[in-house]
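Presented below is the structure to which this report refers.
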Amino acid sequence: MIVNAKTRVEKTFSYSDKEKETIKKCFEMYEPQLMESKKTYDGRAFFKDRKIIKHTPTFTMKMKQDKVGLYVCDVLIQGKAVSMLIDTGAQCSVLFESSLALVKSTPTNHDMEMGSFGGKRAKAKTVSVERVYFGSVELQNQPFVVIDNKHFTIPLVKINLMDFDGILGWDVLSHLDFELDDVHKTFSMIEPQEEFPIQNFIPSAFPTCIVIDSNKQASIFGFDSGARESWLGENYMKQTNIDVISSVRPLSMGVHGMERVETMLADYLQLYLYDTRMVFDKIMSGPVNIIEHVEFAGVLGNKIFKGRKLQIYSSKRFMRIL
């Protein structure tokens, strides 16, 4: 997503007891419904034969950034090193058509519908891979959606904008506690070493965190590590009286290729995640009806942990920026 926006993060905040209670009520209101969405999603026939085996409790591996600032790791698929985008915003893992020549896979009879930022939807074929290793995590019979590389190529000049062969999505990442480290450029599977004072994260069908705004109101936001920019839902912008300064048509790139999308641009926003203040100087609107019957206030992109570390403890229902 290309838009002139700036995000900065400051470790200068701590919740009051009243704000902790507000977060608790928000968590209790949304957690049952959101976790039911996860149960439904994981129960699809698509995942019936998959097994996830953690051979060690922790691991750390190198992570690099591609041309557009997204995070990529090497994953072993059938013994071949394949470069995969670490994308919490992708509900299913993906292999590009060109990658199928590198690894042995088996076509399945399950189609998967994929959606884009601009609202385009299309069905894609799927394959199953017998063995995938992500660090010390073994994935047996891992399903992948197959996408044509042309969606990530600039027409005419034929330049591929993506420096990776596929996407490791939330269908895998949701089963791990992990850290994305933008300082040392590493991905780590981690273990909780402390008791956390609040529960502010819900590992639903789409990663969901609870934040406080400047009006001391709690809201649910998605987290998409496969997006640079953050965005807000139009209803949230209206309800919180955020100043809209213009409408813009940024260029978005996703599973259906590059597209111009109509969005509104808000001037300024402050949000608080645990002990971190996130300041957005310009933030756009975007799609927030990601899970059926649930509307997010917005979605946070990966700029929120630029120059920092982000930890997600799905097992403890906790997320923070260090």
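We number each residue from 1, following the sequence as shown.
Side-chain contact, Asn141 with Ser128: no donor N or O sits under 3.5 Å from an acceptor N or O. For His293 and Gln33, the side-chain atoms include no donor-acceptor pair closer than 3.5 Å. A donor atom on one side chain and an acceptor atom on the other are not found under 3.5 Å apart for Thr22 and Lys216. Between the side chains of Thr108 and Thr126, a donor-acceptor pair is found at a separation under 3.5 Å. Donor-acceptor pairing under 3.5 Å is recorded for the side chains of Asp177 and Ser315. At a cut-off of 3.5 Å, with distance as the only test, a side-chain donor of Tyr71 or Asp182 sits close to an acceptor on the other residue. Checking Gln140 against Glu138 by side-chain atom types alone, a donor-acceptor pair falls below 3.5 Å. Side chain to side chain, Arg317 and Asn200 fail the donor-acceptor criterion of an N or O pair below 3.5 Å.
In Lys80, the NZ atom is not crowded: 12 or fewer heavy atoms of neighbouring residues, nucleotides or ligands sit closer than 6.0 Å. Around the NZ atom of Lys104, the shell of radius 6.0 Å holds no more than 12 heavy atoms that belong to other residues, nucleotides or ligands.
The CD1 atom of Ile291 sits 9.0 Å away from the CD1 atom of Ile202 when rounded to the nearest 0.5 Å.
Paired with Lys38 under the rule side chain to side chain donor-acceptor pair (under 3.5 Å), one option of Ser314, Ser174, Ser204 passes, and it is Ser174.
The distance between the ring centers of Phe201 and Phe223 does not fall below 6.0 angstrom.
Other members of the cluster containing Tyr133 are Leu76, with ILVMFWY side chains joined at under 4.5 Å, either directly or via other members.
With sequence neighbours excluded, the residues that form a ring-ring contact (aromatic ring centres under 6.0 Å, His included) with Phe318 are Phe196, Tyr274.
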